[in-house]
Amino acid sequence: MDLRDQIKQELTKRKKDRGFGDTFERFTTFTGIKRLVKWWYGDKDCGCDRRKDLWNKWFPYNDKDATCQEDKK
C-alpha cells in the first residue's frame, strides 16, 4: 500500500480521536513518518501501539457534548 492509499484509508475512517495518541498517529501517517518507522524496524515491534495507548490514557480528549449536558443540570 502506498502513501496515498494509506492517507485515503485514514480519511475514510472518520473516527473520533480518543486522545493525543490517536492524533499523533494520524499526524505520523499523513507525514509519512509512520511508514518510514515501519520500514526501519521491519517486522520488529517499534512500540507505536503501546505509546499511542499510553498517550491516550495520559492525555484523553473530553467529550464536549457530555460536559455541556452536565453543566446544564
Side-chain angles (χ1 to χ4, degrees):
M1 177 181 305
D2 68 344
L3 184 59
R4 288 181 189 197
D5 292 337
Q6 203 172 14
I7 291 172
K8 287 178 186 177
Q9 184 180 16
E10 283 292 320
L11 287 174
T12 56
K13 284 182 184 178
R14 298 269 180 180
K15 63 179 180 177
K16 188 173 181 180
D17 291 348
R18 295 179 297 135
F20 179 70
D22 292 336
T23 304
F24 190 77
E25 181 185 34
R26 187 175 301 198
F27 169 77
T28 57
T29 300
F30 289 151
T31 58
I33 294 171
K34 185 172 183 173
R35 185 175 177 183
L36 179 65
V37 169
K38 294 289 184 186
W39 172 79
W40 182 266
Y41 278 90
D43 292 336
K44 292 185 269 181
D45 182 25
C46 63
C48 292
D49 293 331
R50 285 180 286 146
R51 188 177 306 108
K52 178 181 81 167
D53 292 338
L54 185 63
W55 286 357
N56 281 339
K57 183 179 175 183
W58 286 351
F59 308 107
Y61 294 150
N62 296 331
D63 188 11
K64 291 181 182 178
D65 295 332
T67 56
C68 290
Q69 290 174 0
E70 290 174 7
D71 291 341
K72 291 179 182 179
K73 291 181 181 179

Which value, rounded to the nearest 0.5 Å, describes the distance between [X] atom [atom1] and [Y] atom [atom2]?
X	Y	atom1	atom2	value
Tyr41	Leu36	OH	CG	10.5 Å
Thr23	Lys52	OG1	NZ	10.5 Å
Asp53	Glu25	CG	CD	9.5 Å

Aromatic ring pairing Phe20/Phe59, orientation class (parallel under 30°, perpendicular over 60°, tilted between)
perpendicular
Of all heavy-atom pairs linking Asn56 and Gly21, the shortest is OD1-N, 3.0 Å
Closest non-hydrogen atoms of Cys46 and Arg51, given as atom of the first, atom of the second and distance, are O-NH2, 3.7 Å
side-chain hydrogen bond (donor to acceptor under 3.5 Å, both in side chains) filter on Thr31, not counting sequence neighbours, yields none
Sorted by chain and residue number, the side-chain hydrogen bond (donor to acceptor under 3.5 Å, both in side chains) partners of Asp45 (sequence neighbours excluded) come out as Arg50
